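All residue numbers refer to positions in the sequence shown, counting from 1. A quick note: this is a predicted structure, and the numbers were derived from the prediction, not measured. Atoms within a ligand are numbered from 1 in the order they appear, just like the ligands themselves.
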Amino acid sequence: MDGNGDDPRSDTYDGALGEAAALAHRWLSGMRDAPIPPSATIEQVKDVLGRTLPDRGPAAPLVLSRLAEAVEPGLIRMHSPRFYGWVIGGAQPAALGADWLVSSWDQNSALRNVTPGVVAAEEVAGEWLLDLLGLPESAEVGFVTGATMATFVGVVTGRDAVLRAAGWDVRANGLTGGPRVRFLAGEERHGSVDDAGRFAGLGTPSLVAADEQGRMRTDALRAALTAGDGPTVVCLQAGNVHSGSFDDLAGAIDVAHEAGAWVHVDGAFGLWAAAAPGLRHLTAGLAGADSWGTDAHKTLNVPYDSGVAIVAEAMALHSSFSQQAAYLPSSTEGSDPSDRVPELSRRARGVPVWAALARLGREGVAELVQGLADAAAALAAGLRTVPGVSILNEVVYTQVCVSFGDDETTRQVGAKLDAAGVVFASPSRWQERAVLRFSVSNWLTDATEVERTVEAVRAAVGAVR
Ligand SMILES: *Cc1c(COP(=O)(O)O)cnc(C)c1O
């Protein structure tokens with residue numbers, strides 16, 4: 001073994017990365033068939049990790065093998081093709097490999113002139129994304145941690161823009177003393193929209209009524225807009241976490257723009273529908289918004305830490321997020337990555353997005369997204385053959401929302417399913433009922449996995465009856 005406990009400088013990358021690759025290989029080999037739930041609690045994991053900081057540690061490879069030994073029993077197999085919890089993607093090999101390279105290259109990706117290699121890959125990935133999602137070529141793309149931060153970027157940029165139009169400069173003056181900004185979102189918005197509003201100093205959104213699929217009602221938006229005035233930011237949704245439904249983007253964007261509002265679209269997983277010809281109709285009108293947020297770590301199946309913030313008007317984004325300092329060699333041609341996101345120092349998290357897109361190509365992305373929607377439709381059809389099941393939503397995209405009868409039975413089926421360890425779906429409440437949500441978001445979920453899923457659900461239902 002190379003390296004010894006006495007001198008950290010005797011550790012080698014070959015030793016550490018060789019061990020890491022072997023451990024990763026072992027973990028990934030259980031992806032399809034090992035039980036999904038963790039077998040250890042957080043306290044048990046801490047006991048094995050050891051709670052006392054040592055005076056000196058062992059060599060790097062031994063640190064890594066001890067880490068994996070302690071942590072693995074506490075890992076949930078979110079990469080399983082039968083993991084349907086929340087909205088969770090797996091990790092395509094090309095993207096995972098690129099993620100390792102990003103860590104190895106260890107570039108602080110704030111400035112084009114300093115780290116041209118990774119900034120080039122991110123800028124190309126950004127251009128490809130705009131093309132695939134049908135968004136304006138002139139829009140700017142920032143790589144953030146996830147859709148929560150993407151919504152934050154859109155809402156802050158929108159807030160500043162509508163206040164600027166009202167004659168108030170937030171950058172110079174802050175919010176205090178300025179006009180109040182109205183912040184509107186649908187009744188069934190994602191909770192992260194509320195976070196974005198709070199972080200942006202706009203408070204909790206005023207809620208606009210939704211229809212039976214959870215889509216914001218455009219007539220209710222019109223009424224809400226007419227009932228007040230002043231600078232306004234509206235947040236729409238492409239992809240409801242329970243039903244998969246999409247707001248009437250074309251109609252709502254028109255209504256909001258007539259009222260002079262900024263429109264952000266939260267499309268954490270739904271924006272990808274625009275990349276599949278068979279699903280694109282769900283996003284009609286999308287390109288007319290002012291900002292968009294999505295995740296690559298969901299539908300695109302890139303490892304975590306991969307959100308995308310997009311703003312149509314580059315100058316608006318820069319005026320909210322640019323950062324200058326005498327010691328930073330800012331670009332003179334085009335904006336720097338740090339002008340497009342809240343962070344200065346960050347990893348080159350857009351590079352795995354480039355790798356995923358380069359691997360799949362235009363047709364591969366379309367097939368990935370369509371494949372998830374097809375698997376969701378097949379899952380809904382299969383589940384309908386299980387006694388007592390009702391599918392509560394119109395399955396238009398990747399989400400299937402299921403009831404097994406009364407709330408107690410639904411909860412019990414969920415618990416049985418979880419305990420059997422073959423399928424994971426997340427319990428929730430939708431339209432005043434207990435439900436199990438199945439979000440089909442993994443690149444490996446195919447007809448065979450759907451069949452295994454339906455059989456596991458049938459067995460869980462049988463065990464509860
Ligand atoms: C997951 C999700 C978010 C939050 O995204 P993070 O990447 O977890 O920050 C926001 N909106 C919707 C619709 C989501 O599904």
Modelled atom types, side-chain donor and acceptor of [X] and [Y], under 3.5 Å:
{"X": "Thr204", "Y": "Asp194", "value": "no"}
{"X": "Arg437", "Y": "Ser426", "value": "yes"}
{"X": "Thr148", "Y": "Asp195", "value": "no"}

Students should be able to answer this: which protein heavy-atom is nearest to [atom], and at what distance?
{"atom": "atom 6 (P) of ligand 1", "result": "Ala147 N, 3.5 Å"}
{"atom": "atom 9 (O) of ligand 1", "result": "Thr148 OG1, 2.6 Å"}
{"atom": "atom 11 (N) of ligand 1", "result": "Asp266 OD2, 2.7 Å"}
{"atom": "atom 7 (O) of ligand 1", "result": "Asp295 OD2, 2.7 Å"}

Which of the numbered atoms in ligand 1 are under 4.0 angstrom from any heavy atom belonging to [X]?
{"X": "Lys298", "answer": "1 (C), 2 (C), 3 (C), 4 (C), 5 (O), 14 (C), 15 (O)"}
{"X": "Ala268", "answer": "2 (C), 3 (C), 10 (C), 11 (N), 12 (C), 13 (C), 14 (C), 15 (O)"}
{"X": "Ser192", "answer": "3 (C), 4 (C), 10 (C), 11 (N)"}
{"X": "Val241", "answer": "15 (O)"}
{"X": "His297", "answer": "7 (O)"}

task = Please work out whether any backbone atom (N, CA, C, O) or any side-chain heavy atom from C-beta onward of Phe269 is under 4.0 Å from ligand 1, and answer side chain, backbone, both or neither.
result =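 Just the side chain.
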
message = Test of understanding: given a 4.0 Å heavy-atom threshold, classify the contact between Met149 and ligand 1 as side chain, backbone, both, or neither.
response = neither

ask   = Run the side chain to side chain contact (heavy atoms under 4.5 Å, CB included) check on Leu184 and Thr232 step by step: do they pass?
value = CA-CA 8 Å; Leu184 303 177; Thr232 306; 4.3 Å; yes

Do [X] and [Y] have side chains that approach each other closer than 4.5 Å (heavy atoms only, starting at C-beta)?
{"X": "Ser335", "Y": "Glu140", "result": "yes"}
{"X": "Asp290", "Y": "His257", "result": "yes"}
{"X": "His242", "Y": "Ser428", "result": "yes"}

query = Does ligand 1 have an atom under 4.0 Å from some heavy atom of Gly239?
reply =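 Under 4.0 Å: yes for Gly239.
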
ask   = Applying the ring pair (Phe, Tyr, Trp, His ring centres under 6.0 Å) test to Trp86, which of Phe438, Phe424, Phe269 qualifies?
value = Phe424

